[in-house]
Amino acid sequence: MIPVKTLVLAACTAAGLMASLPASAQFAKPEDAIKYRQGAFTVMGAHFGRIGAMVQGRVPYDAKAAAENADIVAAMAKLPWQAFGEGTDKGAPHRAKPEIWREADKVKAGADKLVADTANLATVAKAGNLDQLRAAFGTVGQSCKACHDAYRADRYSN
Ligand code: ASC
């Protein structure tokens, strides 16, 4: 048996090393990166969709709920990009086209635009005006779509 103290020390050392690595390297294996970015997109989409239901009149406008959802969207928008590192095109089924690893500048520009647009969505949502929220929602939706059109495949890889 390995003493618990040794295990704890090893775990802390590993965690410390991970923390000092660049964000792109903070995944033990490609599958972890793929699941991480898919998780961020899934959560982002779920909360963006709740705002969509309000701006499209499918559920009543609730300013507080909209602001909470927008904060989550803005937080999630920052996360997926670090998980598209080299070697993360294989390891689990996904829908990222190979171009995403070849067009780093364009992808970065799209990611930066999404981060800016979702930050604006969160700011606007706090102001409590449905028409402004609808406009900011539309801008974010265009950002989502631009990258999906360019970089999201119709089918999952395997
Ligand atoms: C959503 C969602 C997306 C975007 C996109 C906008 O609600 O889940 O991926 O909007 O469809 O074009």
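Below, all heavy atoms of this structure are taken into account, side chains as well, without hydrogens, waters or symmetry copies. Indexing begins at 1, ligand by ligand and atom by atom, following the structure's order.
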Novice: With a 6.0 Å cut-off on ring centres, are W81 and F41 close enough?
Specialist: yes
Novice: In terms of ring plane angle, is the pair F48 and F137 parallel, tilted or perpendicular, where the classes change at 30° and 60°?
Specialist: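 F48 and F137: parallel rings.
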Novice: Kindly check if the number of other-residue, nucleotide or ligand heavy atoms within 6.0 Å of NZ (K90) is above 12?
Specialist: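 Check fails, neighbour count at 12 or below.
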Novice: Ignoring hydrogens and geometry beyond distance, is a side-chain donor-acceptor pair present between D117 and S143 at under 3.5 Å?
Specialist: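 Yes - a donor-acceptor pair under 3.5 Å links their side chains.
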Novice: Between atom NZ of K78 and atom CG of L114, what is the distance when rounded to the nearest 0.5 Å?
Specialist: 11.5 Å
Novice: Can you list every salt bridge (Lys or Arg N to Asp or Glu O under 4.0 Å) pair that touches residues 49-64, not counting sequence neighbours?
Specialist: K64-E68
Novice: Please tabulate protein-ligand N/O pairs under 3.5 Å for ligand 1, atom names and distances to 0.1 Å.
Specialist:
from     : atom 1 : to   : atom 2 : distance (Å)
ligand 1 : 12 (O) : G141 : O      : 3.3

